[in-house]
Engineer: 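Here you go, one structure.
The sequence lines fix the lettering, A, B, ..., with proteins before strands; numbering per chain opens at 1.
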Amino acid sequence: MSESYNHAAIEKKWRKIWEEKPVNPKDAGKEKYYCLDMFPYPSGNGLHVGHWRGYVISDVWSRYQLMQGKYVIHPMGWDAFGLPAENYAITHGIHPAVSTADNVKNIKKQIQDIASIYDWDMEVNTTDPAFYKWTQWIFVQMFKKGLAYEKEMPINWCPSCKTGLANEEVVNGKCERCGADVTKKNLRQWMLKITAYADRLLDDLDKLEWPEKVKKMQTEWIGRSYGAEVEFPIDGREDKITVYTTRPDTLFGATFMVLAPEHALAAELATEETKAAVEKYISDAANKSNVDRMQDKEKTGVFTGSYAINPMNGKKIPIWLSDYVLADYGTGAIMCVPAHDDRDFEFAKKFDIPIVQVIAKDGKEIEDMQEAYTEASGTMINSGEWNGMESAVLKKEAPHIVEEKGFGRAKKNFKLRDWVFSRQRYWGEPIPIVHCPACGAVPVPEEELPLTLPEVESYQPTGTGESPLAAIDSWVNCKCPKCGGAAKRETNTMPQWAGSSWYFLRYVDNKNNDALVDKEKAHKFLPVDMYIGGVEHAVLHLLYSRFYTKFLYDIGAVDFEEPFTRLFNQGMITGKNGIKMSKSKGNVVSPDDLVADYGCDSLRLYELFVGPPELDSEWDDRGIDGCLRFLSRFWNLFTEQYEKDAPETKELIYERNKLIYDITTRLQSFSLNTVISGFMEHNNTLIALAKKGGVDRKTLSAFVQLLAPFTPHLAEELWEKMGNSETVFSSGWPAYDEALLVTDEVEVAVQINGKVKAVVRLAKDVDQAAAVAAGKEALGDKLSGNIVKEIYVPGKIINIVVKP
RNA sequence: GCCCGUGUGGCGGAAUUGGCAGACGCGCGGGACUUAAAAUCCCGUGAUGGCGACAUCGUACCGGUUCGACCCCGGUCACGGGCACCA
């Protein structure tokens, strides 16, 4: 009896060997494959089994590419700026750099337990000045191109974190980080003009092999629409109000206008009688937090007392203010067509404003309208010169008509807003800008980068909205790089997204001090072929990274426009009953003990076996027993049968081909859970064949190779036992012969009226008549009544349709 | 409210996309080995009825198409995710 499967000894042995002789040597001669994980934030809580899953998936995929003869770029790094470290510093007085370094050390050890083929020479850390030098450099380039600009704006303000938040950090009106209700505050902010890239970000989605779901989410986020800008003269005044509309075809139905309370003309349009009410409405809206404003489903509004002129028909229409009009979308003012827009309809009903239908529904005017008719299909009515036209056609032509008439133009709009890029925090990249009274905002000269983050006495937010950096006079006061006069440094820092928007470029040239990445290397190793991570980054991180990459392409820093060719989103691992794993819920499962008890290989298998990789899965520790049992059984099978060296039989050849086919096709379609069940099933079959007559070496060898990406230690050990001196990862991927997958005989189910009553074995090319005859024979006296139809689907089913 | 997923045994999940529902694993029951236990191995395991070979029902619910539906179509419900007045 040979020795049984000892995972601890085997894993220890191979870790050491791989350390000395990596299985993925840097080999410029091979075709490259860049398989990237979304890099983690080094949290103090360490990794749980959910984090593991993504890394196992990416490692299996990487090793599969490796076995296909590619040089695999598979790096790992740390997204280490961010609020938790800063909050920890506030409560414990420990510098974020110190606690972060500790966390990195712990998590790195945990990640190394996975036995991934990460190339640690490529490691990056966003908080390393040598790294953020380039994060700052990119910002300076954007500034020079006019894509980074300052703007005083009402930003979301978290009174608890005492910091400004981007729209995307506000979840249901609450701070994404701490859950406090978000209010508003006017602050000077640095903005990035991502909207300048809106069209390209949208159009280039077509080029990507990404999940449709993610593409759709990005499409909606960017939110492009086509319509027209139309100018409405104000009765009794010289100036005009410009609106944006996607439905210029309904212009004759515009019976009122609404301005956002923040609109520049809002207060001015008030008359003596309405002044008090208008001013109150404006100030209420300004003080209302986003939460309140969103929760008020019921429309509110106030009449300004002024009128505009509908430029199509010359009619006087009232101008109202209401907060359902957004100040920062379109022009902050809308024309209202209550007959054909739900919101306008609701508003008109509530404030008793006339409703004029301009598109016929089913060819006629609706009597006693109860809801808006929002379809753009029907004939125009009540629309003067447009009467009789089809609204769908007019919708496209109207922008050009108003342009000819001189009061409008075709226009497209986006929901996407510019990106609020500054944070009033300490633990982030300092924004490399100097404010000079004479020269304005001046970038720190590139040769002075990185502008390092200074030591600070207190990490406490200032509470005034300024960063803690503002309290360091010696740092703030400086000379203007342009004129040499006294100037002050920018004290805002960058958001956590800054580093993560481009880190994937740096791995392939992480020590370069002269460029963010050498152009040759970028051309050779980039872009990323496969990007693996959680779906929670479907919009922001992926959109920002695409924006950065396009910008870097435009300035000639890289020669590709899209960073991630293919994307895979893995599902979350949850605790019992689908509850998200978290420290506070006490349901976190650490991989550390499982690795010690079951071995890395078994845990890797179970991470995949637990469920389809793209869906959420509930973790149940007990399931891992099955994976360890499978490996032990295969180990025993191998050690017994390899010595025996049974002769190859027809049955074994078929089984080997089927095994390679099953594993390969399932792996290629990313059905990793069924890859594992496939291994188990084939192992059971081989055990049965071993009892019958033995299993040949060629089949065992293929099994070991197929297993290698999943259980690298065990595979290497068995591969070595077979007398191989080179690693299994340089042995290639086994091939199957399609022709050998076809058997001479097939099992076919025999049905009566679609219900299975018997099973027959048939020669694979038997004809319909013979098949049906065999089926009837198998049915025997179960068959009764009048046969009305006989169906034979070759190799699948015989169905006899009878009537009693 | 709108958009996108998902719904299958006690549990996690399979089903080559319209062709034998429940693969594989967990758990559970029985047996072998053992002084005993663990480990291991063998058998069983959707529900109901029957000693039984077998019969009927069964993929969230209601209906439809089809020789045949977890799969396609129409409607309903539940859960999860995204967006949330974008003119």
Side-chain angles (χ1 to χ4, degrees), chain A residues 4 172-173 211-214 216-217 219-221 223-225 227 243-247 250 254 257-258 260 293-294 296-297 299 322-326 328-337 340-344 346-347 413-417 535-536 538-539 571-572 574 576 578 605-606 609-612 614-627 629-630 632-633 636 661-662 665-666 669 671 673-684 687 747-759 782 788-802:
Chain A
S4 59
N172 294 327
E212 284 309 313
K213 175 185 169 147
V214 174
K216 200 160 184 176
M217 280 165 70
T219 303
E220 281 169 14
W221 192 268
R224 182 165 60 195
S225 66
V243 302
Y244 171 71
T245 177
T246 55
R247 297 294 304 276
T250 62
M257 297 185 84
V258 176
R293 195 158 158 173
M294 274 197 305
D296 289 340
K297 285 289 177 192
K299 298 262 179 299
S322 176
D323 63 6
Y324 81 91
V325 174
L326 306 173
D328 48 2
Y329 179 77
T331 62
I334 60 170
M335 68 174 209
C336 299
V337 185
H340 303 286
D341 180 276
D342 292 326
R343 297 150 302 179
D344 298 346
E346 189 191 332
F347 196 86
N413 248 321
F414 297 93
K415 286 189 198 174
L416 185 70
R417 311 289 164 82
V535 73
E536 65 273 21
V539 177
M572 213 173 34
T574 65
K576 206 70 208 146
L605 280 190
Y606 186 56
F609 188 56
V610 69
E614 69 280 8
L615 299 181
D616 291 353
S617 297
E618 282 181 29
W619 187 264
D620 182 353
D621 266 353
R622 287 178 299 192
I624 195 175
D625 286 310
C627 292
R629 271 176 212 147
F630 155 65
S632 304
R633 278 186 207 136
N636 292 340
Y661 171 82
D662 281 350
T665 52
R666 291 173 191 189
S669 61
S671 179
N673 54 326
T674 64
V675 167
I676 309 306
S677 59
F679 274 128
M680 290 170 169
E681 191 178 358
H682 282 286
N683 188 44
N684 291 343
I687 288 171
E747 269 197 0
V748 176
V750 187
Q751 301 179 328
I752 298 173
N753 292 343
K755 302 213 168 192
V756 178
K757 298 290 174 184
V759 175
K782 283 181 191 161
V788 292
K789 204 168 181 181
E790 293 164 341
I791 292 152
Y792 175 54
V793 182
K796 300 211 161 149
I797 212 121
I798 298 164
N799 192 12
I800 315 280
V801 184
V802 298

Engineer: Does the base of B:C20 carry an N or O that pairs as donor and acceptor with the side chain of A:Glu747 under 3.5 Å?
Structural biologist: yes
Engineer: Counting only side-chain N and O atoms of A:Tyr329, is one of them less than 4.0 Å from OP1 or OP2 of B:A87?
Structural biologist: yes
Engineer: Looking at every strand, decide which applies to A:Ser632 at a 4.0 Å heavy-atom threshold: base, sugar-phosphate, or nothing.
Structural biologist: nothing
Engineer: For A:Asp662, answer base if it contacts any base atom (sugar-phosphate contacts may also be present), sugar-phosphate if it contacts only those atoms, and nothing otherwise; contact means non-hydrogen atoms under 4.0 Å.
Structural biologist: nothing
Engineer: How would you label the glycosidic angle of B:G58: syn (within 90° of 0) or anti?
Structural biologist: anti
Engineer: Measure CG/A:Asn636 against C1'/B:U40 and give the value in whole Å, please.
Structural biologist: 10 Å
Engineer: State which of B:A21, B:A23, B:G82 makes the closest approach to the side chain of A:Met217.
Structural biologist: B:G82
Engineer: Determine the interatomic distance between C1' on B:A23 and the same-named atom on B:U76; round to the nearest Å.
Structural biologist: 32 Å
Engineer: When the C1' atoms of B:A60 and B:C71 are considered, how many whole Å apart are they?
Structural biologist: 16 Å
Engineer: Using the C1' atoms only, state how far B:C70 lies from B:C61, rounded to an integer number of Å.
Structural biologist: 14 Å
Engineer: If you look at every strand shown and take non-hydrogen atoms under 4.0 Å, does A:Lys415 touch a base, only sugar-phosphate, or nothing?
Structural biologist: base
Engineer: Under 4.0 Å, heavy atoms only, any strand: does A:Arg224 hit a base, just the sugar-phosphate, or nothing?
Structural biologist: nothing
Engineer: Less than 4.5 Å apart, side chain to side chain, heavy atoms only: is that true for A:Met257 and A:Val243?
Structural biologist: yes
Engineer: Mind calculating the distance between CZ (A:Arg417) and P (B:A84) to the nearest angstrom?
Structural biologist: 9 Å
Engineer: Is there side-chain contact between A:Thr245 and A:Ile334, with at least one heavy-atom pair below 4.5 Å?
Structural biologist: no
Engineer: If you compare every side-chain N and O of A:Lys796 against the phosphate oxygens of B:A15 (OP1, OP2), does one of them come in below 4.0 Å?
Structural biologist: no
Engineer: Identify which nucleotide among B:A21, B:A87, B:G13 has an atom closest to any side-chain atom of A:Val756, counting heavy atoms from C-beta outward.
Structural biologist: B:A21
Engineer: Do the non-hydrogen side-chain atoms of A:Ile800 and A:Lys757 ever get within less than 4.5 Å of each other?
Structural biologist: no
Engineer: For the side chain of A:Val759, counting heavy atoms from C-beta on, which of B:G12, B:C67, B:C20 is nearest?
Structural biologist: B:C20
Engineer: If you pin A:Gln751 and A:Ile687 to their nearest nucleotides in RNA chain B, which one's is more 5'?
Structural biologist: A:Gln751
Engineer: Determine the interatomic distance between P on B:C26 and the same-named atom on B:C41; round to the nearest Å.
Structural biologist: 10 Å
Engineer: Let's see if you can work this out: which of B:G82, B:A15, B:A87 has an atom nearest to the side-chain heavy atoms of A:Thr674?
Structural biologist: B:A15
Engineer: Side chain of A:Lys755, heavy atoms from C-beta onward: which of B:A87, B:C57, B:C26 has the nearest atom to it?
Structural biologist: B:C57
Engineer: Polar-atom pairs under 3.5 Å, protein N or O versus N or O of nucleotides 5-9 of chain B: list them with distances, or write none.
Structural biologist:
none

Engineer: Side chain of A:Ser677 only, heavy atoms from C-beta on: which candidate in B:A23, B:C3, B:G25 is closest?
Structural biologist: B:A23
Engineer: Which one, B:G82, B:G13, B:A21, comes nearest to the side chain of A:Ser617?
Structural biologist: B:G13
Engineer: Using the closest heavy atom to pick a nucleotide of RNA chain B for each, name whichever of A:Ile797 or A:Asp341 lands nearer the 5' end.
Structural biologist: A:Ile797
Engineer: A:Glu681 vs A:Asp662, test: side-chain contact (heavy atoms from CB on, under 4.5 Å). Steps then yes/no.
Structural biologist: CA-CA 11 Å; A:Glu681 191 178 358; A:Asp662 281 350; over 6 Å; no
Engineer: On a plain distance test, is the side chain of A:Lys299 in donor-acceptor contact with the base of B:C85 below 3.5 Å?
Structural biologist: yes
Engineer: For A:Thr246 versus A:Tyr244, what's the shortest heavy-atom pair and its separation?
Structural biologist: CG2-OH, 3.6 Å
Engineer: What is the distance from CG of A:Asn673 to C1' of B:A15, rounded to the nearest Å?
Structural biologist: 12 Å
Engineer: What's the closest nucleotide to the side chain of A:Lys216 if the choices are B:C4, B:G13, B:C20?
Structural biologist: B:C4
Engineer: Using atom CD of A:Glu220 as one end and atom P of B:C85 as the other, report the distance to the nearest whole Å.
Structural biologist: 14 Å
Engineer: Please classify the nucleic acid contact of A:Asn799 as base, sugar-phosphate, or nothing, using heavy-atom distances under 4.0 Å.
Structural biologist: base
Engineer: With a 4.5 Å heavy-atom cut-off, do A:Asp621 and A:Tyr606 have their side chains touching?
Structural biologist: no
Engineer: Applying a 4.0 Å non-hydrogen cut-off, can you work out what A:Val793 is touching in the nucleic acid: base, sugar-phosphate, or nothing?
Structural biologist: base
Engineer: Cationic tip of A:Lys299 within the cone over A:Tyr324's six-membered ring, i.e. under 6.0 Å and within 45° of the normal?
Structural biologist: yes
Engineer: Taking 4.0 Å as the cut-off, does a side-chain nitrogen or oxygen of A:Lys757 come that near to OP1 or OP2 on B:G68?
Structural biologist: no
Engineer: Are A:Cys336 and A:Phe347 side-chain neighbours, meaning at least one heavy-atom pair lies under 4.5 Å?
Structural biologist: no
Engineer: Side-chain contact test, heavy atoms from C-beta onward, threshold under 4.5 Å: evaluate it for A:Thr250 versus A:Met335 and give yes or no.
Structural biologist: yes
Engineer: Between B:G64 and B:A14, how far apart are the two C1' atoms, rounded to whole Å?
Structural biologist: 28 Å
Engineer: I'd like the C1' distance from B:C4 over to B:C54, given in whole Å.
Structural biologist: 46 Å
Engineer: Distance check: side-chain N/O of A:Thr665 vs OP1/OP2 of B:U16, anything under 4.0 Å?
Structural biologist: no
Engineer: What contact category does A:Asp344 fall into here, base, sugar-phosphate, or nothing, at under 4.0 angstrom with non-hydrogen atoms?
Structural biologist: nothing
Engineer: Specify the separation, in whole Å, of atom CG of A:Asp616 and atom P of B:G82.
Structural biologist: 11 Å
Engineer: With the side chain counted from C-beta on, respond yes when A:Ile687 and A:Arg633 share a heavy-atom pair under 4.5 Å apart, and no when they do not.
Structural biologist: yes
Engineer: Would you call A:Asp328-A:Arg417 a salt bridge at under 4.0 Å N-O?
Structural biologist: yes
Engineer: Measuring only the C1' atom in each nucleotide, how far is B:A87 from B:G7? A whole number of Å is fine.
Structural biologist: 38 Å
Engineer: What is the distance, to the nearest angstrom, from the CG atom on A:Asn684 to the C1' atom on B:C24?
Structural biologist: 8 Å
Engineer: Any strand is fair game: report the nucleotide pairing with B:C2 by Watson-Crick or G-U wobble, both distances under 3.5 Å, or none.
Structural biologist: B:G82
Engineer: Below the 4.0 Å mark, does B:G27 have OP1 or OP2 next to a side-chain nitrogen or oxygen of A:Arg629?
Structural biologist: yes
Engineer: Determine the contact category for A:Glu618: base if any of its heavy atoms lies under 4.0 Å from a base atom, sugar-phosphate if only primed atoms, P, OP1 or OP2 are that close, otherwise nothing.
Structural biologist: nothing
